[in-house]
Amino acid sequence: MPELPEVETIRRGLAPLVEGRRLERLEIADPRWCAPLAPDELRAAVEGRRVERLDRRGKWLVFDLEDEVALICHLRMTGTLLYDPDPAEPYQRVRFALSGGHELRFCDPRRFGTGELALGATARAAFFAERLGPEPLDPAFDGAALRALARGRRAPVKAFLLDQRRIAGVGNIYADEALFRARVHPLRAAGALSRAQCDALALGVREALEAGLAAGGATIDDFRRPDGVYGAFQHEFLVHTRAGEACPRCGAEIVKLVVAGRGTYVCERCQPRPRRVRRRPSASRAGRSGRP
DNA sequence: CGCCCTGTTGGGGA
DNA sequence: ATCCCCAACAGGGC
């Protein structure tokens, strides 16, 4: 469920409800959530502290508490954070008791979601530095930036987009959408993209993410906002999960492939497949001028 | 009914 | 650097 637009939608909905409140208690029903840290250790660090700010980096949600204590949460595939939900809500894993009598419940049928601790600004920065590349919605993220990140990479461009250490927050769905918008085949080598393709792809990533945001993160059927409401309306993907349907741009049939181990949807007329995997650096070099 | 496959994520080992 | 598998569960196809 949560890629960048979904997590950001949750953050925006929740921030006004939790910022300024005190995290009075944290009841961890499933120790796996914060493993290998013991639930009591995590609780001791966060309980009683005020939430100064709810932040997001990539697909991570950060409760920035007093004294530079950061509770860093990941919803993984099926996690949800619900505000004052029905007590009978299934799959409850963690309960955040907030001052003012409100509560936040983390529910996650698959139990992949995690909560981690960073003590101090340095530890917080290090946590993300070793996991995440730049934010794709940052104005600095453009074709030139993407080109620099992709340089020399021979892995398929889809694997490149999914690598959080290169670009933060793009998941399987938005990767397909971005590639379709940019008319780039997912199997193409990331480092082999032309300058124009890098420009198109950076724009495609941005537009795909913004389309998801505009839809309130209502991408997958079971996406839920913190108030428990399912997406107000479903965001329609251009290609993702549309195998067998007609490409909205050219009418050719959308096909499903497996790239980087994930289901991948593509219009192979709009996104022409790379001719052939280059086997050896041929003698003919396209000597580029101005190459350092 | 039951088996098999797939899946929105990230980490670890080969 | 890259690929495969795994975590734990739901849901769909057969």
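What you are looking at is a predicted structure, and each value in this text was computed from that prediction instead of being measured.
DNA chain C contains the following stems of three or more consecutive Watson-Crick or G-U pairs, with both distances under 3.5 Å: B:2-7 with C:9-14, B:9-14 with C:2-7.
Classified by interplanar angle (parallel below 30°, tilted 30° to 60°, perpendicular above 60°), the ring pair Phe106(A)/Trp33(A) is tilted.
The closest side-chain donor-acceptor pair between Tyr174(A) and Glu207(A), if any, does not fall under 3.5 angstrom. In this structure, a donor-acceptor pair under 3.5 Å is present between the side chains of Arg105(A) and Gln92(A). For His185(A) and Glu268(A), the side-chain atoms include at least one donor-acceptor pair closer than 3.5 Å. Side-chain contact check for Thr264(A) and Lys256(A): no donor-acceptor pair (N or O, by modelled atom type) lies under 3.5 Å.
Within 4.0 Å of Gly113(A), counting heavy atoms only, lies no atom of the nucleic acid at all.
Atom OH of Tyr91(A) is separated from atom C1' of dA10(C) by 7 Å (rounded to the nearest Å). Rounded to a whole Å, the CD1 atom of Ile72(A) is 12 Å from the P atom of dG11(B). At whole-Å resolution of the value, CD1 in Ile173(A) and P in dG7(B) are 11 Å apart. One atom, CG of Asp30(A), and another, P of dA7(C), lie 15 Å apart when rounded to the nearest Å. Rounded to an integer number of Å, the gap from CG of Leu161(A) to C1' of dT8(B) is 16 Å. Remark: P of dT9(B) and CG of Leu132(A) are 13 Å apart, rounded to the nearest angstrom. Rounded to an integer number of Å, the gap from Trp60(A) CH2 to dT9(B) P is 13 Å. In this entry the distance linking CZ of Arg165(A) with P of dG12(B) reads 11 Å, nearest Å.
Relative to the side chain of Arg111(A), the nucleotides dG11(B), dC9(C), dT8(B) differ in distance, and dC9(C) lies closest. Checked against dA10(C), dG11(B), dT2(C), the side chain of Arg154(A) finds its nearest nucleotide in dT2(C). Each of dT2(C), dT9(B), dT8(B) was ranked by its minimum atom distance to the side chain of Arg153(A); first place goes to dT2(C). Distance from the side chain of His240(A) is smallest to dT8(B) among dC9(C), dA7(C), dT8(B). Taking the side chain of Arg32(A) as heavy atoms from C-beta on, and the options dA7(C), dG7(B), dT2(C), the nearest nucleotide is dA7(C). Distances were taken from every side-chain heavy atom of Lys256(A) (C-beta onward) to each of dT6(B), dG11(B), dA7(C); the shortest belongs to dT6(B). Which of dT8(B), dA1(C), dC9(C) sits closest to the side chain of Asn172(A) comes down to dT8(B). Proximity note for Ala155(A) (side chain, C-beta onward) versus dG10(B), dT2(C), dA10(C): the nearest is dT2(C). If you check dA1(C), dC9(C), dT9(B) against the side chain of Met77(A), the one that comes closest is dT9(B).
Spacing of C1' atoms, dT2(C) relative to dT8(B), comes out at 22 Å, to the nearest Å.
For dT9(B), neither phosphate oxygen OP1 nor OP2 lies less than 4.0 angstrom from any side-chain nitrogen or oxygen of His74(A). Taking 4.0 angstrom as the limit, Gln164(A) places none of its side-chain polar atoms (N or O) nearer than this to OP1 or OP2 of dT9(B).
Look at Arg206(A) and Asp142(A) and you find no salt bridge, because none of the NZ, NE, NH1 or NH2 atoms lies under 4.0 Å from a carboxylate O. Here Asp199(A) does not pair with Arg147(A) in a salt bridge; the nearest charged N to carboxylate O distance is not below 4.0 Å.
Residue whose closest nucleotide on DNA chain C sits further toward the 5' end, between Arg166(A) and Gly261(A): Arg166(A).
Here Phe112(A) counts as stacked on dA7(C): its ring centre is under 5.5 angstrom from the base ring centre and the planes meet at under 30°.
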Tell me, with the steps shown, if Phe237(A) and Phe180(A) meet ring pair (Phe, Tyr, Trp, His ring centres under 6.0 Å).
CA-CA 10 Å; Phe237(A) 301 126; Phe180(A) 174 74; over 10 Å; no
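Within 6.0 Å of CZ on Arg249(A) lie more than 12 heavy atoms contributed by other residues, nucleotides or ligands.
One donor-acceptor pair, N or O on each side, does fall under 3.5 Å between the base of dT9(B) and the side chain of Arg262(A).
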